[in-house]
Amino acid sequence: MRITFMGTPDFAVPALVALHETGHAAGHDIACVYTQPPRPAGRGKKLRPSPVQAKAEELGIAVRSPKSLKPDEAKAEFAALRADVAVVAAYGLILPQAVLDAPAHGCLNIHASILPRWRGAAPIHRAVMAGDAETGVTIMQMEAGLDTGPMLDIVRTPIDRKTTGELTAELAELGAAAMVRVLDDLAAYPSAAQEDAAAIYAPKIDKAEARIDWTDSASAIEAKIRGLAPFPGAWFEISGERVKVLLAELSEGSGAPGTVLDAGMTIACGDGAIRPIRLQRAGKPAMSCEDFLRGRPAEPGMRLN
């Protein structure tokens, strides 16, 4: 297979590495890597290449980072690669129909959910926040619709008490292995249409929804905390200061929602209670609840916003 790889964040790096490492044995060749352009980052706002670009350059693979694939020139450059297949993993740009059609076998996407559940931009966050028992990756044939294309393979994994950060790393590895398997014997993976009636959309996380609503149940709040960890982080306010909760556990207790119930910072919810395990103050590193309370005690009876 002559492959064009298209990806941007850390999630896509394991697939790039796996295809590169297995390429010679399987007869694959990554002709080019497409990724989003470098973005300003850090205090100096210097341009920083995407994780995929950094890894591709380390591996000695040619990189292109167009701002868009819609111009005719960009489409022609893509088609000129004469790829057998394009492998896509969290690329982040819309692929015009001409790009989808250019590779002989089209564009195959590593999508981080069990389709058709959680189509869209934030499938891992949404699966955790919804309290799903499992999630996974789907290898799918891309088409013009949003994650609507036929499926070639699905790999499942339990969510348990994992955070979005932990699941993202796990699914990246599962997706990389699945894509290698599919490309090694593409004919053995016939496509299956999605059941559109069962589709659920996973919209991008809005910063406003990261605020904890203490009137929600303890189980919903705990799932929200895991679903938004490590980014953007579920948060509350204490004495006017915004604090993120990166990990929490269900706890015994009841009271007015948002009330601190004990010296260990158990917090009453609409139904039940939670106890934060790991918190982060603005501009500070993450810390244990014990360390947090040494610097800012939360007295029983205090109400959190």
Side-chain angles (χ1 to χ4, degrees), residues 9-11 41-44 122-135 157-172 202 204-305:
D10 288 320
F11 175 81
R43 292 186 177 180
I124 305 175
H125 295 80
R126 297 298 176 186
V128 177
M129 291 169 68
D132 288 3
E134 65 175 1
T135 186
T157 187
I159 292 179
D160 295 327
R161 315 304 295 182
K162 300 167 191 170
T163 66
T164 285
E166 292 167 338
L167 272 174
T168 298
E170 180 181 353
L171 295 179
K204 183 179 179 180
I205 299 296
D206 187 287
K207 289 184 178 180
E209 66 181 304
R211 184 169 194 157
I212 295 173
D213 182 350
W214 296 111
T215 64
D216 289 341
S217 69
S219 59
I221 291 173
E222 189 274 337
K224 181 174 187 172
I225 289 167
R226 284 187 291 109
L228 296 180
F231 183 83
W235 60 273
F236 65 90
E237 286 187 347
I238 179 169
S239 301
E241 180 184 14
R242 181 178 296 193
V243 177
K244 291 182 180 181
V245 186
L246 302 179
L247 192 63
E249 63 183 1
L250 299 177
S251 185
E252 298 291 331
S254 62
T259 301
V260 176
L261 299 177
D262 56 33
M265 206 178 175
T266 300
I267 305 166
C269 305
D271 178 20
I274 67 163
R275 190 182 76 83
I277 296 174
R278 196 156 185 81
L279 303 101
Q280 185 174 22
R281 298 172 63 185
K284 303 292 183 181
M287 65 186 76
S288 67
C289 185
E290 291 75 13
D291 288 341
F292 175 85
L293 291 173
R294 289 190 186 99
R296 180 181 285 279
E299 302 293 340
M302 179 183 287
R303 291 290 293 272
L304 307 177
N305 297 319

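In this chain, residues are counted from 1 in sequence order. None of the values given here were measured: they were computed from a predicted structure.
Separation of atoms CG (L246) and OG (S288) is listed at 12.0 Å; rounding is to 0.5 Å. Rounded to the nearest 0.5 Å, atoms CG (D291) and NZ (K284) are 13.5 Å apart. Atom CZ of R278 and atom CE of M287 lie 9.0 Å apart (nearest 0.5 Å). Here I212 contributes atom CD1 and K244 contributes atom NZ; the two are 12.0 Å apart, rounded to the nearest 0.5 Å. The CG atom of L171 lies 11.5 Å from the CD atom of E166; values are rounded to the nearest 0.5 Å. Expressed to the nearest 0.5 Å, how far CG of L167 lies from NE2 of H125 amounts to 10.5 Å.
Residues L279 and C289 form a side-chain contact, since some pair of their non-hydrogen atoms from C-beta on lies under 4.5 Å apart. Under the 4.5 Å side-chain criterion, counting only non-hydrogen atoms from C-beta, R275 is not in contact with D262. Proximity of V260 to L304: side-chain heavy atoms (C-beta onward) are separated by under 4.5 Å at one or more points. You'll find the side chain of L261 stays beyond 4.5 Å of the side chain of I267, heavy atoms only.
A256 and A268 get closest at one heavy-atom pair: O-CB, 3.4 Å. Scanning both residues, A122 and K204, for their nearest heavy atoms gives CB-CA, 4.2 Å.
Of the possible polar contacts, none joining the E290 side chain to the R294 backbone as a donor-acceptor pair under 3.5 Å is found.
A ring pair (Phe, Tyr, Trp, His ring centres under 6.0 Å) check over residues 234-253, counting only residues at least two apart or in different chains, returns the pairs W214-F236. For residues 248-292, no residue pair satisfies the ring pair (Phe, Tyr, Trp, His ring centres under 6.0 Å) rule, not counting sequence neighbours.
None of T164, T135, I205 except one satisfies the side-chain contact (heavy atoms from CB on, under 4.5 Å) rule with R126; the exception is I205.
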Could you pull out all donor-acceptor pairs under 3.5 Å where a side-chain atom in residues 217-234 meets a protein atom, sequence neighbours excluded?
unit_1	atom_1	unit_2	atom_2	d
S217	OG	S219	OG	3.2
S217	OG	A220	N	3.1
E222	OE1	R161	NH2	2.7
E222	OE1	R226	NE	3.3
E222	OE1	R226	NH2	3.2
E222	OE2	R161	NH2	3.1
E222	OE2	R226	NE	2.7
K224	NZ	E209	O	2.6
K224	NZ	R211	O	2.8
R226	NH1	K162	O	3.1

